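Given the structure is predicted, the values throughout are model-derived calculations rather than measurements. The sequence lines fix the lettering, A, B, ..., with proteins before strands; numbering per chain opens at 1.
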Amino acid sequence: MSQQYFSWGRYPNVKQTKSVVVDRYTDMPTCEDSVLPYGNGRSYGDSCLNEGGVLVGTEYLNHFIAFDVETGILRCESGVLLSDILALIVPQGWFLPVTPGTKFVSVGGAIANDVHGKNHHCAGTFGCHVRCFELLRSDGQRLLCSPEENVEYFKATIAGLGLTGMITWAELQMRRVPNAAVNVENIKYGNISEFFQLSADSDKDYEYTVAWVDCLATGRNLGRGHFMRGNHAPSQAGCPSHSERKFNVFLDPPISLINKTSLRAFNTVYYHRQLVRSKHSIAHHDSFFYPLDSIHNWNRIYGPKGFLQYQCVIPLNASPDAIAEMLRSIARMGTGSFLLVLKVFGDVESPGYLSFPRSGATLALDFPYQGELTRRLFSQLDDIVDQANGAIYPAKDAHMSAVGFKQYYPNWTKLAELKDPNVSSSFWRRVTGEQ
Amino acid sequence: MKRVLIIGATSAIAEAVAQRYAKKGEKLFLVGRNQQKLDTMVDDLKVRGAHLVDSSAVDLTDCGAHEAVIEEAKRALGEIDIVLIAHGTLGDQKQCELSYQDTLKEFQTNALSVISLLTLLANDMEQRRSGVLAVISSVAGDRGRQSNYIYGATKATVSVFLQGLRNRLSPSNVQVLTIKPGFVDTPMTADIPNKGALWATPGDIADGIIQSIDKKRNVVYLPWFWWGIMTIIKLVPEAIFKRLKL
């Protein structure tokens with residue numbers, strides 16, 4: 001069973017073994033080494049890895065249990081993917097209350113990382129829509145957790161990175177939509193202050209907002225990009241056609257295909273692709289929410305060394321300056337990727353003790369792993385985040401310091417108390433020093 | 001609306017087939033060993049849109065129980081249009097080499113119980129002059145290899161039985177489909193390390209099975225490239241083959 005299991009960033013590359021639970025009534029495997037529940041492996045860094053230990057896959061916990069088409073309450077096992085849920089509920093007039101940028105995450109993973117989406121300013125995190133779940137501990141104990149029952153475990157498990165035990169099933173509240181398609185307005189804007197203005201103007205009237213930023217633009221163009229804002233289309237709008245055609249990166253290129261030249265070329269063309277300032281369209285939900293899902297294994301384009309994502313959040317009062325400074329550091333280094341995402345979070349509070357999203361602006365960007373160069377840039381970015389009282393997202397992380405973690409997540413001690421003694425992860429050992 | 005009986009329903013491939021039929025709104029009857037797993041599937045298939053799902057927990061190695069369970073399925077479904085037989089075990093080759101009893105057990109599970117079920121179902125369908133009998137055999141039944149010839153021999157038994165049955169039922173308008181999957185990533189093969197490019201998912205195989213039923217095929221390798229691989233393997237002269245470490 002010793003096989004390579006990667007996180008989505010394919011960095012770090014660690015040795016571990018993998019086992020599975022075959023149904024939701026079975027206990028977790030007992031072994032000497034620590035175990036870690038593993039969903040679909042879409043966390044970027046080392047939070048879904050367990051070097052020297054065992055991953056316990058939930059891929060066979062893929063059953064729906066009940067769906068009430070009147071109330072939108074869905075109960076399913078934790079290995080069910082969001083893509084399975086969408087295939088079931090969209091034709092029945094329902095949609096996910098919150099969705100991340102890929103639909104290939106498991107329900108267990110979405111809860112354990114308390115994922116967020118383009119509607120955070122209205123709907124909060126995924127964890128805000130979890131009604132209850134069953135938590136299986138390594139000693140065989142099964143806890144029904146909800147806002148009323150086993151409340152502490154409920155709060156520690158949402159955003160708990162799988163460390164409190166394995167979620168076997170969960171009950172989620174879906175939301176009714178007139179149409180799964182989205183009415184989108186795409187606005188080309190010129191610099192970072194325009195972004196914050198657009199965001200402030202849009203968050204009240206638009207459920208979904210996010211911006212793509214040209215990470216290489218500097219000077220008075222710093223932070224330029226495209227601001228996307230949208231709402232679900234009315235039912236009479238119909239649904240635009242959508243090709244299920246998939247591309248697949250089926251082998252590893254020997255080096256990263258993302259470099260200074262390819263990046264500059266892409267960003268320039270992408271920024272200028274729209275000549276007018278604002279453009280309206282109706283987008284299929286797949287192309288609006290999951291543009292990268294149409295390229296299978298896109299993570300391989302960074303070559304054998306893999307990549308890291310840097311995602312942080314900065315409190316709103318400090319964010320225009322701090323984000324501008326981060327963008328300058330990134331542009332100076334000439335590294336990064338074509339996908340830099342900027343969004344302003346709202347203040348809907350998550351039940352999760354270790355939830356990442358909080359009021360402020362969040363920036364996310366991939367970097368091909370280049371050893372020392374990447375580490376140097378990340379430590380510059382960390383300094384900016386720390387000074388601005390920001391935080392870094394564990395689900396995307398393979399570098400944050402133990403000091404940083406404890407500062408960003410003062411509730412980490414509560415997770416430490418409720419953590420399953422036989423469960424651990426590479427991430428947890430790295431940021432707590434626990435063995 | 002099709003009425004589908006799935007035997008060995010909790011196996012990963014059978015389950016993937018059941019999910020696809022459920023999505024199309026068909027009627028399903030599931031037979032398996034573990035009631036709890038069957039209940040889990042029944043709930044799941046109802047949510048996915050099956051018009052009707054019922055199940056029965058039976059130890060399929062007990063051939064005496066076959067007639068009753070088929071009757072039960074008929075009562076639930078009305079009549080049976082499609083049968084998928086998917087149960088089986090990947091026994092321990094080394095253990096079987098040491099013990100005839102273990103070998104017999106493998107034959108009982110993988111071959112004789114299948115023949116018992118097919119005898120009952122085939123007579124029924126022959127009389128009604130319609131129906132589909134789809135049975136999961138294996139590429140392992142195409143040629144005996146030292147690493148798993150007991151399993152291979154049970155599957156070869158099934159494949160030849162189906163060949164004859166197809167010949168017999170051809171005038172009666174009954175489709176007999178022999179399904180030969182290659183390597184499939186299921187709990188049955190969870191212990192095999194380093195699965196490479198030849199491995200398929202249960203979903204891939206299920207898509208292939210449903211397509212083959214719809215297209216009225218006879219024998220199908222899944223995924224398709226196993227036809228090429230097995231053709232080459234079958235062509236190797238025995239004098240050479242016997243010296244290979246396969």
Determine whether more than 12 heavy atoms belonging to other residues, nucleotides or ligands lie under 6.0 Å from atom [atom1] of [X].
{"X": "B/Arg33", "atom1": "CZ", "value": "no"}
{"X": "B/Lys94", "atom1": "NZ", "value": "no"}
{"X": "B/Lys105", "atom1": "NZ", "value": "no"}
{"X": "A/His129", "atom1": "NE2", "value": "yes"}

Quiz prompt | Part of residues 85-100 of chain A lying next to chain B, heavy-atom separation under 4.5 Å | solution = A/Leu88

Self-check item: Proximal to chain B - members of residues 63-71 of chain A, heavy-atom separation under 4.5 Å
Solution: A/His63, A/Phe64, A/Ile65, A/Ala66, A/Phe67

Quiz item: Can you list the residues that meet the side chain to side chain donor-acceptor pair (under 3.5 Å) rule with B/Glu79, with sequence neighbours excluded?
Solution: B/Arg128

Quiz item: Heavy-atom distance under 4.5 Å to chain B: side chain of A/Glu59, backbone, both or neither?
Solution: neither

Self-check item: Under 4.5 Å from any heavy atom of chain A - which part of B/Asp39
Solution: neither

Practice problem: Hey, could you give me the OG1/CG distance between B/Thr10 and A/Asp23, rounded to the nearest 0.5 Å? | Solution: 9.5 Å

Distance-only donor-acceptor hits, side chain of residues 223-232 of chain B, under 3.5 Å, sequence neighbours excluded:
| unit_1 | atom_1 | unit_2 | atom_2 | d |
| --- | --- | --- | --- | --- |
| B/Thr231 | OG1 | B/Trp227 | O | 2.5 |

